[in-house]
Amino acid sequence: MAESLRLEIVTPYGPVLQEEVDEVVAPGSEGEFGVLPGHVPFVTTLKIGILTYKKAGTARYVFVNSGYAEVKDDRILILADSAERAEDIDVERAKAAMKRAEERLKRQDSIDFARAQAALQRAVTRLEVVEKARRKAS
Ligand code: ATP
């Protein structure tokens with residue numbers, strides 16, 4: 001059995017991460033799931049959330065916007081609509097997106113309610129990723 005996992009995160013905007021890691025916890029649609037080396041193969045859908053991976057005892061955080069995960073042969077492939085590592089998240093952009101979404105949601109007649117809710121969730125989750133990474137670093 002391999003002692004590490006290969007984590008690959010790909011989005012339509014390009015590759016986000018390719019790394020040998022020890023452990024991954026990802027936001028599955030039905031709840032978080034953890035993957036260690038030697039995991040049985042499976043495929044699942046992802047929701048907007050935080051992917052955590054550990055490498056040499058250090059945890060790192062990645063924002064993941066929906067998509068799929070495939071686990072096979074000690075490789076976990078994440079195909080997400082968008083994804084950013086904590087250090088690549090633009091906080092001001094996420095705050096602006098959050099404000100825009102909140103304003104849209106205040107207008108009760110919004111026909112794009114679900115869309116605004118998803119935009120809000122993306123923005124809030126990005127800010128959570130940054131916060132988690134900051135808390136860990138301090
Ligand atoms: P925005 O309204 O700011 O575009 P969004 O949630 O609609 O946010 P996405 O559709 O998820 O954006 O992503 C579009 C592209 O922009 C992707 O490449 C994504 O990685 C990038 N992106 C979006 N928001 C941020 C952010 N706050 N920091 C860094 N990259 C971001």
Side-chain angles (χ1 to χ4, degrees):
M1 194 175 80
E3 296 200 340
S4 65
L5 285 168
R6 182 161 185 80
L7 169 63
E8 292 181 33
I9 304 179
V10 180
T11 76
Y13 305 94
V16 172
L17 189 142
Q18 284 190 29
E19 220 164 310
E20 294 296 323
V21 306
D22 300 324
E23 184 186 340
V24 176
V25 176
S29 305
E30 306 299 326
E32 282 201 327
F33 61 89
V35 179
L36 291 166
H39 202 292
V40 292
F42 76 102
V43 175
T44 189
T45 51
L46 299 171
K47 62 183 175 189
I48 295 170
I50 301 174
L51 179 146
T52 305
Y53 68 91
K54 281 194 184 153
K55 192 173 173 168
T58 302
R60 297 198 190 282
Y61 307 101
V62 183
F63 165 77
V64 173
N65 174 18
S66 315
Y68 296 88
E70 182 195 54
V71 176
K72 196 180 168 194
D73 299 334
D74 289 316
R75 173 177 179 251
I76 171 163
L77 172 65
I78 305 285
L79 297 171
D81 292 346
S82 54
E84 301 101 44
R85 296 180 304 171
E87 57 269 39
D88 296 327
I89 292 174
D90 178 336
V91 171
E92 291 313 312
R93 178 173 170 172
K95 283 185 181 166
M98 186 169 83
K99 202 165 160 225
R100 270 198 315 276
E102 281 172 343
E103 276 160 14
R104 262 183 245 133
L105 288 171
K106 269 189 222 150
R107 288 183 242 127
Q108 298 290 338
D109 60 340
S110 171
I111 49 162
D112 278 337
F113 194 80
R115 212 172 129 191
Q117 262 184 331
L120 179 61
Q121 213 191 332
R122 288 195 300 276
V124 167
T125 308
R126 282 182 169 112
L127 295 172
E128 276 174 15
V129 169
V130 171
E131 189 51 38
K132 267 187 159 231
R134 274 199 191 139
R135 250 185 278 134
K136 217 191 129 277
S138 61

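No hydrogens, no waters, no symmetry mates; every other heavy atom, side chains included, goes into these values. Along the sequence shown, residues are numbered consecutively beginning with 1. Remember, it's 1-based here, ligands and their atoms both numbered in the order they're listed.
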Provide the number and element of each atom of ligand 1 under 4.0 Å from a heavy atom of [X].
X    : result
D88  : 28 (N), 29 (C)
S82  : 9 (P), 11 (O), 13 (O), 17 (C), 19 (C)
N65  : 11 (O)
R122 : 5 (P), 6 (O), 7 (O), 11 (O)

Nearest neighbour in protein (non-hydrogen) for [atom]:
atom                    : value
atom 8 (O) of ligand 1  : R126 NH1, 3.9 Å
atom 27 (N) of ligand 1 : D90 O, 3.0 Å
atom 16 (O) of ligand 1 : R93 NH2, 2.9 Å
atom 2 (O) of ligand 1  : R100 NH2, 2.7 Å
atom 10 (O) of ligand 1 : Y13 OH, 4.0 Å
atom 19 (C) of ligand 1 : E84 OE2, 3.1 Å

When clusters are formed by joining ILVMFWY residues with side-chain heavy atoms under 4.5 Å apart, either directly or through shared neighbours, do V10 and I76 land in the same one?
no
If you compare all heavy atoms of I48 against all heavy atoms of R122, which two are closest, and at what distance to 0.1 Å?
CD1-CG, 3.7 Å
Show the nearest heavy-atom pair for residues T52 and A59, with the distance to one decimal.
CG2-CB, 4.2 Å
For the pair E131 and R135, find out whether any cationic side-chain nitrogen is under 4.0 Å from an anionic carboxylate oxygen.
yes
What's the spacing between F63 CZ and L51 CG if we round to 0.5 Å?
11.5 Å
Quick one, V91 and L127 - any side-chain contact, counting heavy atoms below 4.5 Å?
yes
Does any part of the side chain of L5, heavy atoms only, come nearer than 4.5 Å to the side chain of Y53, both counted from C-beta?
no
